[in-house]
There are 2 protein chains.
Amino acid sequence: MGSKIRNMEEFAKASGISRPTISKYFNDPTTVRASTRERIEQALETYDYRPNIFAMNQNRKLTRNIGVVVPSLADPFFAEIARNVEQRCIDAGYRPTLYSAHGSRDQEVEILDSLRSLKPAGLLIAPLGRNSDKAMIEKFTKKVPTVLFDSHLPDIGLSFGGSDNFQFGRLIVDYLCRTGEPPCFFEMKFPANPNANKRRQGYIAAMEALGYAPQVISVEGEGWAFEEIGRRGGLDVIDSAGFPSNTVLCSNDRLAIGLIAACFARNQPVGFADEGAIRIAGMDDHPFSRFTCPPLTTIAQDYEAISKHAVETLFKKLEGDEVTDKVVLFEGKLIMRQSA
Amino acid sequence: MGSKIRNMEEFAKASGISRPTISKYFNDPTTVRASTRERIEQALETYDYRPNIFAMNQNRKLTRNIGVVVPSLADPFFAEIARNVEQRCIDAGYRPTLYSAHGSRDQEVEILDSLRSLKPAGLLIAPLGRNSDKAMIEKFTKKVPTVLFDSHLPDIGLSFGGSDNFQFGRLIVDYLCRTGEPPCFFEMKFPANPNANKRRQGYIAAMEALGYAPQVISVEGEGWAFEEIGRRGGLDVIDSAGFPSNTVLCSNDRLAIGLIAACFARNQPVGFADEGAIRIAGMDDHPFSRFTCPPLTTIAQDYEAISKHAVETLFKKLEGDEVTDKVVLFEGKLIMRQSA
DNA sequence: ATCAAAACTTTCCGCGCGTAAAATTATAGT
DNA sequence: ACTATAATTTTACGCGCGGAAAGTTTTGAT
């Protein structure tokens with residue numbers, strides 16, 4: 001009782017069951033008889049043994065490690081989706097490990113590099129996007145089943161699941177045109193993420209479909225400090241020609257947050273109600289968007305659906321099934337608040 | 001050349017150096033002769049071998065794994081400090097693994113539980129605080145060298161490094177009193193984090209030192225959704241008695257962000273300049289604080305110093321030195337913006 | 001050139017578990 | 001009660017590396 005169990009052999013002896021059966025149990029409890037399972041679990045409670053994870057993974061052809069890689073954890077959007085993905089992995093009996101590339105190509109490469117030695121059963125990655133080392137990632141996906149999310153790299157990985165960013169534009173342009181002046185589009189000149197391009201295209205297509213001339217404003221700035229880029233760009237526009245419309249659709253919420261700050265700094269009111277105010281809308285439904293002043297009208301990404309697709313697609317593959325859906329897109333939902 | 005190296009033995013043969021020496025090199029490159037080191041590193045480039053991490057950790061008494069645990073990654077403050085801590089670990093040749101308790105006591109316990117099997121050389125943890133299972137954490141720290149940061153649990157771990165939250169109150173109360181009406185204090189009734197108590201005490205002490213009567217407003221709400229709690233609480237106060245002062249010091253920036261949103265919703269102007277406006281200040285210098293409307297006056301935590309202390313203290317211990325400083329507090333810096 | 005210290009090689013064992021093969025036992029079904 | 005099948009036990013080997021022990025070579029300083 002008080003004697004500590006040091007390894008599986010001792011635990012087998014203590015529980016009165018052979019070691020190979022114990023081993024089977026830990027690999028998959030359903031492969032042992034129910035009566036045996038109960039005996040093991042009972043012994044497990046009294047003896048508090050757990051197998052050595054390093055010894056386990058050393059010989060197993062397939063570990064139960066899952067790598068989860070996001071481009072940036074400083075962005076609460078990714079923090080939230082990572083949380084969701086992690087939980088699903090744990091529930092399925094896998095061991096997720098979370099990594100953030102911190103917006104850096106080198107870090108993304110390093111993460112994959114060091115991930116190799118973990119012999120992961122699978123990888124769930126939201127790539128940096130434009131800045132990713134695509135060849136490196138592709139090489140990795142040849143060895144490890146990989147599902148992409150958020151940001152799509154064509155022809156890489158088993159599957160991609162993310163938002164239908166093209167549809168985002170249509171959805172919000174329709175709304176904005178219905179309730180006021182047609183919007184101009186506010187974005188970074190060199191967006192880190194390919195989703196931004198889809199969003200611009202969606203905006204342009206929607207405007208043209210409604211018979212309006214699209215107007216795109218691309219501001220300087222690279223990297224992942226979107227709020228600051230939005231603020232600087234916003235100040236520049238306001239201080240020079242001003243916006244060509246009293247309605248501004250931002251490529252994402254973080255840019256919009258920066259733009260709202262710029263408007264405030266220049267005493268430019270924002271919102272749909274006041275005379276002389278400009279309307280600002282974003283995309284993502286960032287956790288902070290409901291606390292901007294005014295609260296930000298935006299398109300909500302379907303966090304749940306995206307993380308669910310990523311995890312379930314990977315597990316389907318790990319269980320031997322073939323993955324058929326190469327690309328799955330999820331619709332966004334219009335979140336009406338007071339900024340537009 | 002094309003033949004792949006499968007293990008250390010093959011790599012030893014290929015590089016013309018004995019396996020034990022190769023083993024020594026990977027444990028600590030400085031323990032082998034410089035000429036040998038060069039030969040190994042040269043072979044390493046041509047053969048692209050890396051030791052099996054599971055086999056390595058199986059026998060080593062001390063792994064180079066470091067657990068990094070934060071209460072919530074949805075909070076960019078922790079995301080940022082985690083990034084800082086991780087990088088320092090990597091630079092020192094350790095393998096950090098990041099975990100978030102997502103504000104949940106059970107998750108925090110589970111993380112430590114599953115961390116055990118990783119045989120970590122050390123643990124860097126920002127505990128949940130009031131809600132932590134202190135006995136469990138203490139038990140863990142008996143086996144694994146642990147440094148606490150951000151949130152202090154008395155008598156647990158080798159050392160604690162965090163902000164001098166008491167000083168925060170003094171610093172900002174002095175400033176606010178010098179430039180306008182003495183502030184009231186806005187906080188959660190049951191703060192998740194013990195720092196909140198220190199901050200309140202600092203506020204009260206500073207007010208009394210200046211000869212003013214402290215006024216504390218505690219709003220309902222539990223958990224980690226601080227912005228929403230601040231917004232709801234703010235609306236309640238505004239809709240009932242109003243604030244007892246035109247200056248409100250919030251226990252943290254996230255509450256302040258919610259309060260600013262509440263003020264906006266009630267057409268209550270915020271800032272130091274306008275007539276009839278209330279001044280709002282926070283504490284933390286949250287990444288979003290510079291983008292609120294108006295930008296938030298706050299006390300900046302010294303991220304760098306906190307993460308540096310945590311990592312260096314742990315490594316000092318791992319290298320055999322004794323740790324003497326049980327508690328190290330870092331001063332905050334006043335960040336003057338337009339909200340106050 | 002000499003010699004002790006440092007670094008290296010050779011040889012060996014063990015870590016904790018996966019897993020295969022063969023023998024044994026338990027289960028379920030007519 | 002009998003059998004086919006599934007589950008378990010016994011036995012044995014191997015994974016890739018850490019690390020100890022003893023012998024050999026290299027190094028660097030006199």
Side-chain angles (χ1 to χ4, degrees), chain A residues 3-44 47-65 93 95 114 116-121, chain B residues 3-44 47-65 93 95 114 116-121:
Chain A
S3 65
K4 281 153 203 164
I5 305 293
R6 300 216 153 276
N7 54 38
M8 197 178 276
E9 185 125 21
E10 289 187 19
F11 179 70
K13 214 167 292 172
S15 62
I17 293 179
S18 74
R19 193 179 66 72
T21 303
I22 306 279
S23 175
K24 268 190 82 181
Y25 169 83
F26 280 111
N27 282 327
D28 185 353
T30 66
T31 59
V32 307
R33 201 156 43 207
S35 61
T36 313
R37 189 157 59 236
E38 272 180 39
R39 286 170 62 200
I40 294 177
E41 278 162 3
Q42 204 161 359
L44 224 43
Y47 291 106
D48 177 45
Y49 159 78
R50 65 180 49 198
N52 180 311
I53 199 168
F54 300 109
M56 278 179 65
N57 287 328
Q58 179 173 21
N59 297 329
R60 231 206 296 254
K61 43 205 73 167
L62 200 65
T63 71
R64 296 183 82 82
N65 299 326
R95 291 182 37 87
S114 81
R116 282 187 2 197
S117 57
L118 276 183
K119 292 189 197 166
Chain B
S3 66
K4 281 153 203 163
I5 305 294
R6 301 213 152 277
N7 54 37
M8 196 178 277
E9 186 125 21
E10 289 187 20
F11 178 71
K13 213 168 293 172
S15 62
I17 294 178
S18 73
R19 194 181 66 72
T21 303
I22 306 278
S23 175
K24 267 190 81 180
Y25 168 84
F26 279 111
N27 282 328
D28 185 352
T30 66
T31 59
V32 305
R33 203 155 43 207
S35 60
T36 312
R37 189 159 58 235
E38 272 179 41
R39 285 171 61 201
I40 294 177
E41 278 162 3
Q42 205 161 357
L44 224 42
Y47 291 107
D48 177 44
Y49 159 78
R50 66 180 48 201
N52 180 312
I53 198 168
F54 300 110
M56 278 179 64
N57 287 329
Q58 179 174 22
N59 297 327
R60 231 207 293 258
K61 43 206 75 165
L62 202 63
T63 71
R64 295 183 81 82
N65 299 327
R95 293 182 36 87
S114 80
R116 280 186 6 197
S117 57
L118 275 183
K119 291 189 196 167

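Residue numbering restarts at 1 for every chain, and letters A, B, ... go by the order of the sequence lines. As the structure is a prediction and not an experimental result, all values here were calculated from the model.
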Inset, instruction - Would you name the heavy atoms of B:D28 and B:T31 that are closest together and state the gap between them? - result: O-OG1, 2.7 Å
Inset, instruction - Heavy atoms only: give me the nearest B:K24-B:V32 pair and the separation to one decimal. - result: CB-CG1, 4.1 Å
Inset, instruction - Look up atom NZ in A:K119 and atom CD in A:Q58, then write down how far apart they are to the nearest 0.5 Å. - result: 7.0 Å
Inset, instruction - Might you point out which heavy atoms bring A:I17 and A:R39 nearest each other, and give the distance in Å? - result: CG1-NH2, 3.6 Å
Legend entry - Check: B:R95 and A:L118 side chains under 4.5 Å, non-hydrogen atoms: yes
Inset, instruction - Quick one: do B:I40 and B:I22 satisfy side-chain contact (heavy atoms from CB on, under 4.5 Å)? Show the steps, please. - result: CA-CA 8 Å; B:I40 294 177; B:I22 306 278; 4.2 Å; yes
Inset, instruction - For B:Y49, report the nucleic acid contact type (base, sugar-phosphate, nothing); a contact means any heavy atom under 4.0 Å. - result: sugar-phosphate
Legend entry - chain A contact limits on DNA chain D, taken 5' to 3' with a cut-off of 4.0 angstrom to heavy atoms: D:dA7 to D:dG16
Inset, instruction - Report the relative orientation of the aromatic rings in B:F26 and B:F11; use parallel for angles under 30°, tilted for 30 to 60°, perpendicular for over 60°. - result: tilted
Legend entry - Polar contact flag, side-chain donor to acceptor under 3.5 angstrom, A:E10-A:Y47: no
Legend entry - chain A contact limits on DNA chain C, taken 5' to 3' with a cut-off of 4.0 angstrom to heavy atoms: C:dG16 to C:dT27
Inset, instruction - Write down the atom of B:I53, the atom of A:S117, and the distance for their closest heavy-atom approach. - result: CG2-O, 3.1 Å
Inset, instruction - Check every strand shown and say whether B:S23 touches a base, only sugar-phosphate, or nothing at a heavy-atom separation below 4.0 Å. - result: sugar-phosphate
Inset, instruction - Grab the two heavy atoms, one from A:P51 and one from A:M8, that are nearest each other, plus how far apart they are. - result: CB-CE, 4.2 Å
Legend entry - Residue pair A:S18 / A:A12: nearest heavy atoms and the distance that separates them: C-CB, 4.0 Å
Inset, instruction - Between B:K24 and A:M56, just flag the one whose closest nucleotide in DNA chain C comes earlier from the 5' side. - result: B:K24
Inset, instruction - Scan A:P20 against the nucleic acid and name what it touches under 4.0 Å (heavy atoms): base, sugar-phosphate only, or nothing. - result: base
Inset, instruction - Report the residue (B:N7 or A:V32) whose heavy-atom-nearest nucleotide on DNA chain D is the more 5′ of the two. - result: A:V32
Legend entry - Residues in contact with DNA chain D, drawn from residues 33-42 of chain A - heavy-atom cutoff 4.0 Å: A:R33, A:T36
